[in-house]
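Residue numbering restarts at 1 for every chain, and letters A, B, ... go by the order of the sequence lines.
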Protein chains: 2
Amino acid sequence: MKLSKKGEYALKAMIELARAYKKGPVRISSIAEKEGIPKKFLERILMDLKKVGILKSSRGAGGGYELAKAPKEISFADVIRVTSGPLAPLRCVSKYAHINCPHEKSCGLKKVMQDVRNAVATVLEREKFGK
Amino acid sequence: MKLSKKGEYALKAMIELARAYKKGPVRISSIAEKEGIPKKFLERILMDLKKVGILKSSRGAGGGYELAKAPKEISFADVIRVTSGPLAPLRCVSKYAHINCPHEKSCGLKKVMQDVRNAVATVLEREKFGK
DNA sequence: ATTATACTCTAATAAAACAGTAGAGTATCG
DNA sequence: CGATACTCTACTGTTTTATTAGAGTATAAT
Ligand code: FES
Ligand code: FES
């Protein structure tokens with residue numbers, strides 16, 4: 001039930017970027033240093049977040065990354081889904097990555113796992129990067 | 001944030017064993033067949049659960065596994081901790097496997113992850129294998 | 001006692017996921 | 001142009017996951 005390093009780094013970077021919202025782009029290396037994240041790894045993470053429209057970037061001198069929308073429009077859940085996959089403990093109870101199980105009807109796990117996924121999603125969807 | 005196969009199998013086996021509580025031991029192969037779990041893998045899982053006192057076993061003909069205590073005394077959380085590790089997304093917010101982070105004081109992640117771990121623990125500790 | 005039954009234990013392994021790195025390429029600013 | 005900083009593909013090493021092999025031990029029934 002643990003969060004990957006990638007997810008952890010992504011959230012930390014997002015917090016940093018939210019802090020700099022509307023203050024111009026932030027360099028990857030600046031975030032990497034402040035948060036103690038390997039730079040090359042962070043590059044890939046931020047690219048992923050850009051690809052789904054959470055971040056935008058500008059190149060060249062004075063360039064860097066910044067939020068693509070208001071911090072209050074971005075949830076922890078959004079970031080984790082992109083960087084560490086579904087929140088649900090089992091695919092059969094995942095909302096956005098659902099897959100059917102063979103014996104769903106008689107499965108004693110499904111209900112509880114559904115509750116877990118909902119509990120997690122509630123916390124992570126409520127939590128935004130700004131208010 | 002996903003549950004390992006090992007954890008999933010363990011829970012399914014526990015449900016099966018709870019059903020047979022006070023009805024004598026159940027063979028590994030019987031559980032493996034019913035739940036579609038590789039037998040050899042299940043052996044190891046049940047051994048783990050025995051080691052921590054959740055299950056007990058008897059050998060030889062007529063032998064098998066059974067719960068070591070009343071189903072209502074065993075929670076999903078107990079089983080998952082043994083077979084898939086801590087419930088917490090990060091070690092620094094884990095109750096039973098806690099490790100300190102360097103910058104805990106200024107970390108923007110800790111509080112939310114604490115909430116996640118609590119939400120998960122609440123669901124999984126409430127859910128028992130019998131009532 | 002012998003045999004069949006069923007758990008016990010250590011070790012090994014194949015594949016996947018995770019964490020991180022290398023390096024050449026491209027856009028932009030001054 | 002030259003420095004800056006993101007872009008993109010591919011590669012690598014490590015760890016974890018999921019599983020299997022096989023020899024060993026205890027028990028019950030015959
Ligand atoms: S594990 Fe998916 S329905 Fe039981
Ligand atoms: S990640 Fe542990 S305190 Fe921030």
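When the shell of 6.0 Å around NE2 of A/H98 is examined, it contains more than 12 heavy atoms from other residues, nucleotides or ligands. Within a 6.0 Å radius of NZ in A/K72, no more than 12 heavy atoms belonging to other residues, nucleotides or ligands are found.
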For residues 35-44 of chain B, tabulate all N or O donor-acceptor pairs below 3.5 Å that involve a side-chain atom, not counting sequence neighbours.
none

Please list every donor-acceptor pair under 3.5 Å in which a side-chain atom of residues 123-131 of chain B meets a protein atom from a residue at least two apart or in another chain.
from: B/E125; atom 1: OE2; to: B/R81; atom 2: NH1; distance (Å): 3.4
from: B/E125; atom 1: OE2; to: B/R81; atom 2: NH2; distance (Å): 2.6

Name every donor-acceptor pair, under 3.5 Å, that has one atom in a side chain of residues 5-12 of chain B and the other anywhere in the protein, sequence neighbours excluded.
from: B/K6; atom 1: NZ; to: B/D48; atom 2: OD2; distance (Å): 3.0
from: B/E8; atom 1: OE2; to: B/K12; atom 2: NZ; distance (Å): 3.0

- Message: Set out, in order, the CA-CA distance, both residues' side-chain angles and the distance that settles side chain to side chain contact (heavy atoms under 4.5 Å, CB included) for B/M113 and B/C92, then state yes or no.
- Response: CA-CA 9 Å; B/M113 290 304 140; B/C92 58; over 6 Å; no

- Query: What's the verdict on side chain to side chain contact (heavy atoms under 4.5 Å, CB included) for A/E16 and A/V26, showing C-alpha distance, side-chain angles and the deciding distance?
  - Reply: CA-CA 9 Å; A/E16 212 61 47; A/V26 183; 5.7 Å; no

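Judged by distance alone with a 3.5 Å cut-off, no donor-acceptor contact links the side chain of A/K39 to the base of C/dG20.
Near DNA chain C, meaning a heavy atom under 4.0 Å from it, residues 46-69 of chain A has A/R59, A/G60, A/A61 in order of number. Residues from residues 4-35 of chain A placing a heavy atom under 4.0 Å of any atom in DNA chain D, listed by number, are A/V26, A/R27, A/I28.
Between A/K110 and A/E104 there is a salt bridge, since at least one side-chain N of the basic residue sits less than 4.0 Å from a carboxylate O of the acidic one.
Of all nucleotides in DNA chain D, those with any atom nearer than 4.0 Å to a heavy atom of chain A start and finish, going 5' to 3', at D/dT4 to D/dA10.
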